Amino acid sequence: MEFLLVSRPQEKLVLQGDLVPATVSLKEVKWEQEVALVVDLGERRTGGHGVEILGVDAGADQLVVRLRVSQPGPGSFVAQVLTHPFAVHRVDRSKLKSGPVTIVAKDALGNELGRQVVHL
């Protein structure tokens, strides 16, 4: 799992993979007021994987992101297809300061799923 904070205006972002890139549309971001938070699960070898952003709590130097991450259960029948799951959330720019921002991902129960420092 990787986190990106996109603060410069652009219409799309390409997430690289070994075989399958993913194109993220950023057309809806109001760049004067917002930044885009992208949660990238990376390339997967089967269907059944996904990520959903349930909410974001923003502080000056930390974002706590509540996620629902799905994956196929043991013995599940899944399509043999390369996928690249991701999710995008717009964050109010005024709640963040320039410099390092720690992104902490948690599941619905509050268990930490990942942590990464990014620069805004």
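All of these numbers come straight from a predicted model, not from anything done at the bench. The chain is numbered in sequence order, starting from 1.
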query: Among the clusters formed by ILVMFWY side chains lying less than 4.5 Å apart, do V118 and V65 turn up in the same one?
result: yes
- prompt: Quick one: are Q71 and V69 in side-chain contact, heavy atoms under 4.5 Å?
  reply: no
message: If the condition is side chain to side chain donor-acceptor pair (under 3.5 Å), which residues does R93 pass it with, not counting sequence neighbours?
response: none
query: For the atom pair CG (L63) and OG1 (T102), what is the distance rounded to the nearest 0.5 Å?
result: 9.0 Å
- prompt: Any side-chain heavy atom of L67 sitting closer than 4.5 Å to one from M1?
  reply: yes
message: With a 4.5 Å cut-off on side-chain heavy atoms, are V101 and D61 touching?
response: no
field: Main-chain N/O of D18 paired to E43 side chain as donor or acceptor, under 3.5 Å
entry: yes
- prompt: Are the side chain of R44 and the backbone N or O of L41 linked by a donor-acceptor pair below 3.5 Å?
  reply: yes
message: For the CZ atom of R90 and the CD1 atom of I53, what is their distance to the nearest 0.5 Å?
response: 12.0 Å
message: Can you tell me how far apart OG1 (T23) and CD (E11) are? Round to the nearest 0.5 Å.
response: 12.5 Å
query: What distance separates H84 NE2 from L19 CG, expressed to the nearest 0.5 Å?
result: 11.5 Å
- prompt: Taking the side chain from T83 and the backbone from G47, do they hold a donor-acceptor pair closer than 3.5 Å?
  reply: no
field: Cluster overlap L120 with V91, hydrophobic side-chain contacts below 4.5 Å
entry: yes
task: Report yes if the side chains of K12 and S25 come closer than 4.5 Å at any heavy-atom pair, otherwise no.
output: no
Gap separating the NZ atom of K95 from the CD atom of Q33, nearest 0.5 angstrom: 13.5 Å
- request: Kindly indicate whether the side chain of R45, heavy atoms from C-beta on, has any atom under 4.5 Å from the side chain of L82.
  value: yes
Between NE2 on residue H89 and CG on residue L5, distance to nearest 0.5 Å: 11.0 Å
query: By salt bridge (Lys or Arg N to Asp or Glu O under 4.0 Å), which residues pair with R66, not counting sequence neighbours?
result: D57
- request: Determine whether V88 and L13 make a side-chain contact, defined as any pair of heavy atoms from C-beta on separated by less than 4.5 Å.
  value: no
